[in-house]
Amino acid sequence: MEDIDIINDITTKIDIEILVNAFYEKVKKDQQISHFFKHVNWKTHMPIMYVFWENVLFYTGSYVGNPMLLHKELHTHMPLSKKDFDQWIHLFHETINENYEGKMAEAMKERANNISIIMQTKILD
Ligand code: HEM
């Protein structure tokens, strides 16, 4: 029998957790941006990221936080550049493309792009 790989769209919280986990595996190994994450407490950060993306995609209303301020503060002691944001986006898109396909997968990439652009205008300009 032929082996058929079915790639599904993002539909559940578990899908988001799979994506966030796979994304950070890439981030941790990345030459360009891994150093920004050296001091991150993964036990507390991962659940925040799950909730953040669930809120962005499924409008759960469960994320409380201020990513813009957090990255602005990060930038003051570890300067971020456009190249860093481009690499973050590249890894994020790559992770989605490797695991999911469909309307939600496209929406997640688009939302990430938009948030990244807003972040850059608030932080880098
Ligand atoms: C060069 C690009 C980026 C770098 C180096 C970066 C790095 C970081 C770091 C170090 C943290 C703090 C983790 C902690 O200790 O709690 C963080 C938090 C976070 N990042 Fe980024 N980030 C980048 C871009 C983005 C983008 C484009 C998004 C969204 C599309 C994003 C979403 C978040 C969120 C939601 C948090 C958690 C905020 C909270 O704690 O409430 N980041 N990021």
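No experiment lies behind these values; they were computed from the predicted model shown. Just so you know, ligand 1 is whichever comes first in the structure, and atom 1 is the first atom listed for that ligand.
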Task: Pairwise side-chain contact, I96 with L19, heavy-atom cut-off 4.5 Å (strictly under) - done: yes
Quick check on ligand 1: any N or O pairs to the protein under 3.5 Å? One line per pair.
| from | atom 1 | to | atom 2 | distance (Å) |
| --- | --- | --- | --- | --- |
| ligand 1 | 20 (N) | H71 | NE2 | 2.9 |
| ligand 1 | 22 (N) | H71 | NE2 | 2.9 |
| ligand 1 | 41 (O) | Y63 | OH | 2.5 |
| ligand 1 | 42 (N) | H71 | NE2 | 2.9 |
| ligand 1 | 43 (N) | H71 | NE2 | 2.9 |

TODO: Sequence neighbours left out, what pairs pass salt bridge (Lys or Arg N to Asp or Glu O under 4.0 Å) with at least one residue falling in residues 87-98?
DONE: K26-E94, K26-E98
TODO: Please tell me if the side chains of M68 and I118 come closer than 4.5 Å, counting only heavy atoms from C-beta onward.
DONE: yes
Open item on the list: Within the 4.5 Å heavy-atom criterion, are F52 and V64 side-chain neighbours or not?
Closed with: no
TODO: Examine distances only and state if a side-chain atom of D84 and a backbone atom of I33 form a donor-acceptor pair shorter than 3.5 Å.
DONE: no
Task: Sidechain N-carboxylate O distance under 4.0 Å for E106, K109 - done: yes
